[in-house]
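Down below is the structure, laid out as structure tokens.
Convention: sequence-line order gives letters A, B, ...; per-chain numbering from 1. The analysis underlying the following values was restricted to heavy atoms, covering all of them including side chains, and did not include hydrogens, waters or symmetry mates.
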Amino acid sequence: MKIATFNINGVNGRLPLLLRWLAEAEPDVVCLQELKAPQERFPESAFREAGYGAVWQGQKSWNGVAILARGADPVETRRGLPGEPEDVQSRYIEAAVNGVLIGCLYAPNGNPAPGPKFDYKLRWFARLKAHAAELLALDAPVALVGDYNIIPTELDVYKPERWTDDALFRREARVVFEELTASGWSDALRTLHPEERLYTFWDYFRNAWGRDAGLRLDHILLNPTLAARLRAAGVDRAVRAQEKASDHAPAWVELGRAGSRRSKASKP
DNA sequence: ATGACTGCTAACAGCAGA
């Protein structure tokens, strides 16, 4: 099973690019963020024609998340994080796909920090952490996938000193990510590439892509059941080089079949 | 420290993004 995450930055404006990537990469599950489309303007039929069922939570102008599943209809289990019913921003949707529970998230950016937007980011992550703890208690394969808007370490940013006080890299944000990974969630790309500089975002300014001035913001966190099945992980950087590209590139993991754990000796 | 790009909305400029 191949699971990918892609901050598409406008699902309608970039639909041709997205459909090309789906045909080439053939992910089984895709978590999309920044749809920037209201619920009724999500291009469901185009995905259906491409072989993907979908669930989505749209919003006018900003935010918006979706889960696509190849040859299947995701079974929605939740939309929105618990804990702040007055929060109307579309940033979380969760669904079961072929027995795997997928949480698709788009975390708040949080800039400028400090300030009310950063406070909202921290509250949102407190809610995510609480929900993640509940998911960890389940006896099921679970992945928390999406744009976390957190640069986890200095290895994940082209120039750490320039980002010290930014909401993406401030201590409070990095601590959230450390707590999630310490509590049992595996950062899949970093697990398989412990030393490599991996980026998933290059901003549109200052020729960031041309200079490879990137950030790693998009993460695939696996619970222990799925981490045991992790086989490969990467970033489809070529997508960022295309005309009319999103400022993010897709990140993905390949998982082995259930019961195919290879790190432990298996019975003959 | 600032501004540079881009999409969306629809006001042909402003907001948000990261």
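Heavy-atom distances to DNA chain B give each of A/Ala37 and A/Trp163 a nearest nucleotide, and the one nearer the 5′ end belongs to A/Ala37. Mapping A/Pro108 and A/Leu35 onto DNA chain B by nearest heavy atom places A/Leu35 closer to the 5' end of the strand.
As a member of the Ile/Leu/Val/Met/Phe/Trp/Tyr network built from side-chain separations under 4.5 Å, A/Val75 groups with nothing else and remains a singleton. In the hydrophobic clustering, where aliphatic and aromatic side chains (Ile, Leu, Val, Met, Phe, Trp, Tyr) are joined below 4.5 Å either directly or transitively, A/Leu22 groups with A/Phe6, A/Ile8, A/Val11, A/Leu15, A/Leu17, A/Leu18, A/Leu19, A/Trp21, A/Val30, A/Leu32, A/Leu35, A/Phe42, A/Phe47, A/Tyr52, A/Trp56, A/Leu68, A/Val239. Hydrophobic clustering, defined by side-chain heavy atoms of Ile, Leu, Val, Met, Phe, Trp and Tyr closer than 4.5 Å, leaves A/Leu155 isolated from every other such residue.
The residues A/Asp212 and A/Arg240 are annotated as not salt-bridged, no charged nitrogen and carboxylate oxygen being separated by less than 4.0 angstrom.
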B/S/- contact track for nucleotides 10-15 of chain B, protein heavy atom under 4.0 Å: S-----
Base versus backbone protein contacts along nucleotides 1-6 of chain B [heavy-atom cut-off under 4.0 Å; B, S, -]: --BBBS
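No engagement by A/Asn207 is indicated, since no non-hydrogen atom pair under 4.0 Å with the nucleic acid exists. Within the 4.0 angstrom heavy-atom criterion, only backbone atoms of the sugar-phosphate kind lie near A/Tyr106; the bases stay farther away.
Comparing the same atom, P, in B/dA1 and in B/dG14 gives a spacing of 25 Å after rounding to whole Å.
The stretch residues 152-160 of chain A does not touch DNA chain B, since none of its heavy atoms comes less than 4.0 Å from the strand.
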